[in-house]
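Data block below; observations after.
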Amino acid sequence: MTREPILSNSPVPEEDDPSLRPSRMADMVGQRDVIARLQIAIQAARQRSDVLGHVLFDGPPGLGKTTFAHCIPMEMEVPVDFLSGPSLKAPKDLVPSLTNLQAKQVLFIDEIHRIPKSVEEYLYTAMEDFRIDLILGEGINARTHNMKLQPFTLIGATTRAGMLTGPLRDRFQIREHLEFYNDEDLTEIVRRNASKLNVVISDDAASEVALRSRSTPRVANNRLRWVRDFAQSRAAGEITVEVARAALQMAEIDTLGLDRQDRRYLDTLIRVCMGGPTGIGTIAATMNTVSDTLADEVEPFLLRSELILRTPRGRVATAKAFAHMKHEIPPENGFFS
Ligand code: ADP
């Protein structure tokens, strides 16, 4: 049997629209404590004409880590260079960015937990002393040159703070954890972004889109764009709550924000496995996919929504999941009976 990765079969586009990204922290919604702390640090650094300390953001995808990495250099009035952790395979991949730094510049490394040990160790002296060792020449003529760098701010972003080593984590002076957004803030993001997309949306429609967006701005943006397209082609262009509901129903996004794949998972666990406890490998095999994909892409939201439990004996569907899937808890259920 071939195992295929789960392909998104939803019509909702997945790319980010740079035009929706706030460019200043004052335009960001939510994350108030994080913004307040950063504004103090930025203001103090600017008053001292100093470089801002290194900043680490952690939190699930789509909550604003990259957005902060755009806003901070804007507020510091310095340039920024964007790098991605997986593309840094060896120290030499860092050298062009480090040697071309301008004073107080920001260097952003996304998915910083994925840099190899050698790159991480190379970053230590760059971060701490603003110095790096460069190897000049080759073979017996090779010599090491200790080069001074411009003082810079490293902004690291990670979805897996636990995978960062202690020494790297400790080199960030500012560490911020981004939380999921409450319904009110997410509704405000939908409202603002509808206006950026030049589409009229009613308040109850904005709230409907937000409620089905998993407390995550990126998801809200994607769903809003789909609802906008739907309104344009199937309605008069305006997003009323009826239009929003019809669009989301067509995209198979339900009232809890679950998509087709989430419901397939729940259906497998509830109907086929009678609610569990069932090993993730069994669920994956039944869905013709791989456990890692389920664990990384499907289960986090189901766990957060209290629809499944991860027990030592396997995955279990909760009473809420049975109710949501409109399924009775069978007498054979190994967890509730
Ligand atoms: P991450 O880097 O954490 O994966 P991003 O910063 O790329 O997430 O955020 C995805 C999108 O969500 C952004 O393009 C932006 O439009 C929106 N967004 C994120 N955080 C906020 C916020 N606090 N206020 C308004 N929009 C936001």
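Residue numbers start at 1 and run along the sequence shown. Note that ligands are numbered from 1 as they come in the structure, with each ligand's atoms numbered from 1 the same way. Not measured: the values here are computed from a predicted model.
- Near P61, meaning under 4.0 Å from one of its heavy atoms, ligand 1 places the atoms 4 (O).
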Evaluate the side chain to side chain contact (heavy atoms under 4.5 Å, CB included) criterion for residues Q150 and Q105: first the C-alpha distance (whole Å), next the side-chain angles of each, then the deciding distance (0.1 Å), finally the verdict.
-> CA-CA 8 Å; Q150 292 289 348; Q105 184 183 329; over 6 Å; no
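- Residue contact check: T66 has heavy atoms under 4.0 Å from atoms 1 (P), 2 (O), 6 (O), 7 (O) of ligand 1.
- Distances between N or O atoms of Y181 and those of ligand 1 include at least one value under 3.5 Å.
- Relative to atom 27 (C) of ligand 1, the option among A220, C71, P217 with the closest non-hydrogen atom is P217.
- In this structure, T286 and T278 have side chains that are not in contact, with every pair of non-hydrogen atoms separated by 4.5 Å or more.
- Close contacts between ligand 1 and T67 involve ligand atoms 5 (P), 6 (O), 9 (O), 13 (C), 15 (C), 19 (C) [criterion: under 4.0 Å to a heavy atom].
- Contacts between I189 and ligand 1 below 4.0 angstrom, taking non-hydrogen atoms only, involve the side chain exclusively.
- With no hydrogens or angles considered, a side-chain donor-acceptor pair links Y124 and E120 at under 3.5 Å.
- For atom 4 (O) of ligand 1, the candidate residues are A69, G62, A157; the nearest heavy-atom contact is made by G62.
- Contacts of P22 with ligand 1, taken as heavy-atom pairs under 4.0 Å, involve the side chain alone.
- The shortest N or O to N or O distance between Q31 and ligand 1 is not below 3.5 Å.
- Partner of H113 under the side-chain contact (heavy atoms from CB on, under 4.5 Å) criterion, chosen from L164, D58, T165, L168: L164.
- Using a 4.0 Å cut-off between heavy atoms, N193 makes no contact with ligand 1 at all.
- For the residue pair R131 and T125, no side-chain donor N or O sits within less than 3.5 Å of a side-chain acceptor on the partner.
- F180 and V29 fall within a single hydrophobic cluster, where Ile, Leu, Val, Met, Phe, Trp and Tyr are joined by side-chain heavy atoms under 4.5 Å apart, directly or via other members.
- Near N221, the atoms of ligand 1 lying under 4.0 angstrom from a non-hydrogen atom of the residue are 11 (C), 12 (O), 15 (C), 16 (O), 17 (C).
- Looking at N221 and R218, their side chains never bring a donor and an acceptor atom within 3.5 Å of each other.
- Here's the thing with M28: none of its N/O atoms is less than 3.5 angstrom from an N/O atom of ligand 1.
- Transitive grouping of hydrophobic side chains (ILVMFWY, heavy atoms separated by less than 4.5 Å) brings M287 and F301 into a common cluster.
- In terms of polar-atom proximity, R21 is counted as a contact of ligand 1, with an N or O under 3.5 Å from an N or O of the ligand.
- For ligand 1, the polar-atom distance check against L20 finds a nitrogen or oxygen pair separated by under 3.5 Å.
- The pair D262-R214 counts as a salt bridge, with a side-chain nitrogen and a carboxylate oxygen less than 4.0 angstrom apart.
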